[in-house]
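Model, not experiment: these values are computed from the prediction. Ligands are counted one by one from 1 in listed order, and the atoms in each one are counted from 1 as well.
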Amino acid sequence: LQADALAAIADAERLEDLDEVRVRFTGKKSALAGIQKSMRDLTPEGRKELGQQLNAFRDRFQAAFDARREELGSAALRQRLESERLDLSLPPRRLAPGRPHLLTSVEQEIVDVFVGLGYRVAEGPEVEAGAFNFDLLNTPPDHPARQEQDTIYVAGADDVVLRTQTSAVQARTMTTQAPPVAVVCPGRVYRADSVDATHSPVFTQVEGLLVAEDVSMADLRGTLLAFSRALFGADREIRLRPSFFPFTEPSAEVDVACGFCGAADGRAGDPDCRVCSGTGWIEILGAGMVDPNVLSACGYDPSQVSGFAFGIGVERVAMLRHGVRDIRDFYDADARFLTHF
Ligand code: PHE
């Protein structure tokens, strides 16, 4: 029995097998248990002798069992360490981290310039009431800008539009805050334009509004010069050309000196320049002095305060800054374009 038991212990390959050997040789139904039971029928001397033999067997069994268990245990541990081995020298799997869209970073850059000048950021809804997008901005219901070929209306609602300009947020600001106010309004706007290289039915604006006592056109010019220089280069000149917007009077379109053909350095524009076509100037935004009608419609007193407003097209600035030739590139979600910036 002892030889069988020791052989079985030596043969056990796994801890589970070893346990089974223990039950088989020393458990309740084992030969050992049978022998123990039969001790009752022996003489005291016989009992004593058998008892000694059984104890010796148990000791030897236990010693062999413990030794084997330790062997198997450390083998199992070694195997586990081997199979769970981590190779810390492997290069990590490449993650493709997200990044801000070019329009987002240019919008942020523009906003930062004005925040640096003391403006606050104001935001409003893209689905907007005609009142904020048009009426309060001196653009009455019969104005051509409100025609369906220019403006996207929300079906089934009365005079609800996708905002055509973030000027709507300026109207919201003036109707809810007393002057002085200085806000920039970044965001998406929508127009019923068909798509080509320079038009998109959705685009991005940063508009600005300053209303306070004695704000003049000179303040507007200085502000826009600071903006142009921050974005396009420290020595750039700007010029204001007379223009028209319903909500400003006078109104201007603002050009920055072309930096692509050297006109910014005081030279004449290069007739072959693909950006300014030789004029030496690039149009970058619309602006003007807030029309007194707009101030009164929004509850301000035009005899007490005056102001200026401007509207910057973010796509246009991004195209000029980064040499993007087609506005559709911003909206095509082509990863090659997106990861380039
Ligand atoms: N809202 C005008 C536009 O979208 C831009 C603008 C803003 C012009 C403010 C003048 C003053 O075209």
Should the heavy atoms of other residues, nucleotides or ligands under 6.0 Å from CD of Q2 be counted, would the total exceed 12?
yes
Below 3.5 Å, N or O to N or O, backbone or side chain included: is there any such pair between T164 and ligand 1?
no
State the atoms of ligand 1, each with its element, that fall below the 4.0 Å cut-off from a heavy-atom position in F247.
1 (N), 2 (C), 6 (C), 7 (C), 8 (C), 9 (C), 10 (C), 11 (C)
Indicate whether the side chain of Q177 and that of R120 have a donor and an acceptor atom separated by less than 3.5 Å.
yes
For ligand 1, which atoms sit closer than 4.0 Å to a heavy atom of F245?
8 (C), 10 (C)
Relative to ligand 1, is A287 under 4.0 angstrom through side chain, backbone, both or neither, heavy atoms considered?
backbone
Ligand 1 versus F310: contacting region, heavy-atom distance under 4.0 Å
backbone
Starting from atom 12 (O) of ligand 1, which protein heavy atom do you reach first, and at what distance in Å?
R191 NH2, 3.6 Å
Give a yes or no answer on whether the side chain of R229 reaches the backbone of R236 with a donor-acceptor pair at less than 3.5 Å.
yes
for atom 2 (C) of ligand 1, nearest protein heavy atom and its distance come out as E207 OE2, 3.5 Å
Residue that, paired with V254, satisfies side-chain contact (heavy atoms from CB on, under 4.5 Å) out of L285, I312, I282
L285
Does this structure show an ion pair linking D159 with R146, if we count only N-O contacts that are shorter than 4.0 Å?
yes
Looking at every non-hydrogen atom in both residues, tell me the closest pair between A8 and R24 and how far apart they are.
CB-NH2, 4.2 Å
Give the atoms of ligand 1, by number and element, whose distance to some non-hydrogen atom of T248 is under 4.0 Å.
11 (C)
Could you note down all residue pairs passing salt bridge (charged side-chain N to carboxylate O under 4.0 Å, His left out) where residues 238-248 supplies at least one of them, sequence neighbours left out?
R239-D255, R241-D255, R241-E283
Interfacing atoms of ligand 1 (cut-off 4.0 Å, heavy-atom, S167):
1 (N)
